[in-house]
Amino acid sequence: MQPPRERLVVTGRAGWMGMGRGAGPSALGFWPTFAFLLCSFPTATSSCKILKCNSEFWSATAGSHAPAPDDAPEFCAALRTYALCTRRTARTCRGDLAYHSAVHGIEDLMSQHNCSKDGPTSQPHLRTLPPPPRDSQERSDSPEICHYEKSFHNRAAAPNYTHCGLFGDPHLRTFTDRFQTCKVQGAWPLIDNNYLNVQVTNTPVLPGSAATATSKLTIIFKNFQECVDQKVYQAEMDELPAAFADGSKNGGDKHGANSLKITEKVSGQHVEIQAKYIGTTIVVRQVGGYLTFAVRMPEEVVNAVEDRDSQGLYLCLRGCPLNQQIDFQAFRAGAEGPGARRLPAASPAPSAPDTFPYETAVAKCKEKLPVEDLYYQACVFDLLTTGDVNFTLAAYYALEDVKMLHSNKDKLHLYERTREPPGRAAAAGLPPGPWPLLGSLLLLSLFPVLLEAA
C-alpha cells in the first residue's frame, strides 16, 4: 500500500515546484497529470520520443511499484533512467516544449533529492491502473456545496448563466454573445478559471487551405473540495470517448463525486458533461470528423480567476485576437461577385479546391437553417471555404446547442458579426504575437494548482 501523499509546497505561479523538506518520492503523485499534459502539447512530433520517456518514468514512480519514502536510491535510479532517455532523443526533440520542460524538471528533482548524475539506472515497470469508480454507487446525500444551484438559496439572486460555443471553420460565440470567424490554427485556450480549463487544437481542413477546424479538445476539471477529484477529458478526430481519461464516468471517489458526470447521447457523435458543483454543462460533438464545443456556465464561475489580467488570453471571454479574425463581409462580397466560386487572392480565407458555388451553398444551408442569422452565414462560409457538406450540420447543431444552453431566449439568433476595432483589442490586452505557443505555456502554468491538489 502506498504511503499517503504529502502536501506539496508551491514556490511559484508557474514552472517547476519545490517540495517541502519532508516530502519524499511519493509526493510525485502529480506525474500522471504531468505526463498527460505533456502529451497534449501540439509541438510533440512522431520523431521525438519524449512522451515515451515520460510514460516510462511515470510507470516507475506511480502505482504499486512506486518507491517508498526511504527508497531514495531507487527513486534516483528512476530519475537517471529518465535523464538517459531524454538524452537519447535530444537530437529529434529540439524546440519541443514537452522535451525542454522534462529536462528542466529532471534537473530540479535530482537536486531536491540529492541524486548524483552517475549511478545505477532502473528498468521501467508496467503500470497497473486501478479499476474506475463504479457509477452505480449514487451518493444522494452529496454535500450541498457540490450542487451549485441548491447552494444559491442562501444568496440574494439566482445565478446568471452564459454560453460559449466553437464550431466549423471555426466560428466563435463568446460569453458576451460576440460572434467571430477566426483562423486560430494550432492550440488555443478557450476557458481558464479556478475550476476548469479548456483548450482546442485547430488543423487545416485541406492542404494549402487557410480553412481550419477543431481536431482536438482537452478539458481539465480541477480538484474541488469534497466534490470531485481532478478529471481530464480528451477528444480527437474520429475519437469521441464516453469517459474521462482514466476510464471513469464521474468525479472519482469523493463524497460528491456524482456532481460531475459524463453521458454519451449518441455513440461516437455526442457527449454531454454535467458539472453540477459549478453549475456547468458542456456539449461536445463530432460532425464529419471534426469537433464542436458548447458550454453553459454561470457568470460567477466564468469570472472566478486569481489573475484577472490573464483573462485576456481566453477566447470564450475576449474573443479572437484582431490578427486572427476574418472579415466576413469582405469574404461574402467576393463570393457573391463575378467569378463567385473563386475569391480574390487577397482574401483572408482562400477557397479550397472543389468548393460549392455560392448559390449551391446558400441552398444547402437553407435546408437546415431557414433563419438567415449568423449561423446560416457561417454555414455558407464553411461550404465556400471547405467544400465539405458536413459543415452544414456543424452549424445546425451549434444552433441547437444554443437553444438548449443559452439562458436568454431572445438572443438565440445573432445577426451582426463582431470584428473588434484595433483600439478595443489593444485595451483587452490581446497580444499580436504567437498565441498557439501561449496556449501551451498556459497549460504549464496550471502545474501549481495540480500539484497542490495532488
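Worth knowing before you read on, the calculation uses all heavy atoms, side chains too, and leaves out hydrogens, waters and symmetry mates.
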Give a yes or no on whether the backbone of R178 and the side-chain of T174 come within a donor-acceptor separation of less than 3.5 Å. yes
For K403, which residues count as a side chain to side chain contact (heavy atoms under 4.5 Å, CB included) partner, sequence neighbours excluded? L399, E400, L412
Between Y375 and H413, does the ring centroid distance fall short of 6.0 Å? no
How far does OH of Y290 sit from CG of D169, to the nearest 0.5 angstrom? 9.5 Å
May I ask you to test the L166-L190 pair for a side-chain heavy-atom distance under 4.5 Å? yes
Side chain to side chain, I191 and F293, heavy atoms closer than 4.5 Å: yes
Chi angles and distances behind the side-chain hydrogen bond (donor to acceptor under 3.5 Å, both in side chains) call for Y148, E300: CA-CA 11 Å; Y148 185 82; E300 183 182 39; 2.5 Å; yes
Where is the tightest heavy-atom contact between D246 and S248, given as atom of each residue plus distance? OD1-OG, 2.7 Å
Hey, could you give me the CD/CG distance between Q199 and L315, rounded to the nearest 0.5 Å? 10.0 Å
Mutual orientation of the aromatic rings belonging to F179 and H171 [parallel < 30°, tilted 30-60°, perpendicular > 60°]: parallel
List in chain and number order the residues that pass side chain to side chain contact (heavy atoms under 4.5 Å, CB included) with Y397, two or more places apart in sequence or in another chain; answer none if no residue qualifies. R285, V287, L393
To the nearest 0.5 Å, what is the distance between CD (E226) and CD1 (I145)? 5.5 Å
Carefully, step by step, assess K411 and R173 under the rule side-chain contact (heavy atoms from CB on, under 4.5 Å). CA-CA 12 Å; K411 291 186 177 181; R173 181 169 180 162; 4.0 Å; yes
Is there a side-chain contact between L405 and V283 in this structure, where contact means two heavy atoms from C-beta onward sitting under 4.5 Å apart? yes
Drop me the distance from C365's SG to K368's NZ, to the nearest 0.5 angstrom. 11.5 Å
Scan side-chain atoms only and decide if D177 and H406 contain a donor-acceptor pair under the 3.5 Å cut-off. yes
Shortest non-hydrogen pair, T386 vs A211, comes out as CG2-CB, 3.9 Å
If we check side chain to side chain contact (heavy atoms under 4.5 Å, CB included) with L260, which of these qualifies: L196, V228, D229, N250? V228
N54 side chain to F57 main-chain N or O, any donor-acceptor pair under 3.5 Å? no
Hey, does K254 have a side-chain heavy atom less than 4.5 Å from the side chain of C227? no
Any chance you could lay out the side-chain contact (heavy atoms from CB on, under 4.5 Å) test for Y82 and C53, step after step, and finish with the verdict? CA-CA 6 Å; Y82 191 15; C53 299; 3.8 Å; yes
K249 to F244, cation-pi by 6.0 Å centre distance and 45° axis angle: no
For Y277, give me all partners under ring-ring contact (aromatic ring centres under 6.0 Å, His included), at least two apart in sequence or on another chain. F224
Is the shortest heavy-atom distance from the side chain of T181 to the side chain of Q377 under 4.5 Å? no
So does T86 get a backbone contact from the side chain of T89, meaning a donor-acceptor N/O pair under 3.5 Å? no
Is it the case that the side chain of Q180 and the backbone of C320 share a donor-acceptor pair, with hydrogens and angles ignored and the cut-off at 3.5 Å? yes
Could you walk me through whether N193 and M297 pass side-chain contact (heavy atoms from CB on, under 4.5 Å), step by step? CA-CA 11 Å; N193 56 46; M297 182 180 293; 3.8 Å; yes
Axial cation check for Y161 ring with R296, 6.0 Å and 45° limits: yes
Results of side chain to side chain contact (heavy atoms under 4.5 Å, CB included) for K276 - residues two or more places apart only: H147, S259
Whether T280 side chain and I278 backbone form a donor-acceptor pair below 3.5 Å: yes
Set out, in order, the CA-CA distance, both residues' side-chain angles and the distance that settles side-chain contact (heavy atoms from CB on, under 4.5 Å) for L291 and M237, then state yes or no. CA-CA 7 Å; L291 304 173; M237 292 176 62; 5.9 Å; no
If we ignore hydrogens and angles and just use 3.5 Å, is the side chain of T360 paired with the main-chain N or O of F356 as donor and acceptor? no
When you measure from the side chain of D238 to the backbone N and O of G289, does any donor-acceptor pair fall under 3.5 Å? no
Ring-face cation contact, Y195 with K222, 6.0 Å cut, 45° max: no
Side chains of Q274 and E272: any donor to acceptor distance under 3.5 Å? yes
Going from CG on L369 to OH on Y376, what distance comes out if it is rounded to the nearest 0.5 angstrom? 9.0 Å
Where the side chain of T214 meets the backbone of K216, is there a donor-acceptor pair that is under 3.5 Å apart? no
Any side-chain heavy atom of Q185 within less than 4.5 Å of one from P204? yes
Less than 4.5 Å apart, any side-chain heavy atom of V198 and any of F221? no
Under the disulfide bond (SG atoms under 2.5 Å apart) rule, what pairs show up with a residue in residues 261-306, not counting sequence neighbours? none
V271: side chain to side chain contact (heavy atoms under 4.5 Å, CB included) partners, not counting sequence neighbours: Y233, L240, I262, I273
Do N202 and K183 have side-chain N/O donor and acceptor atoms under 3.5 Å apart? no
Side chains of T392 and L383, heavy atoms from C-beta outward: is any pair under 4.5 Å? yes
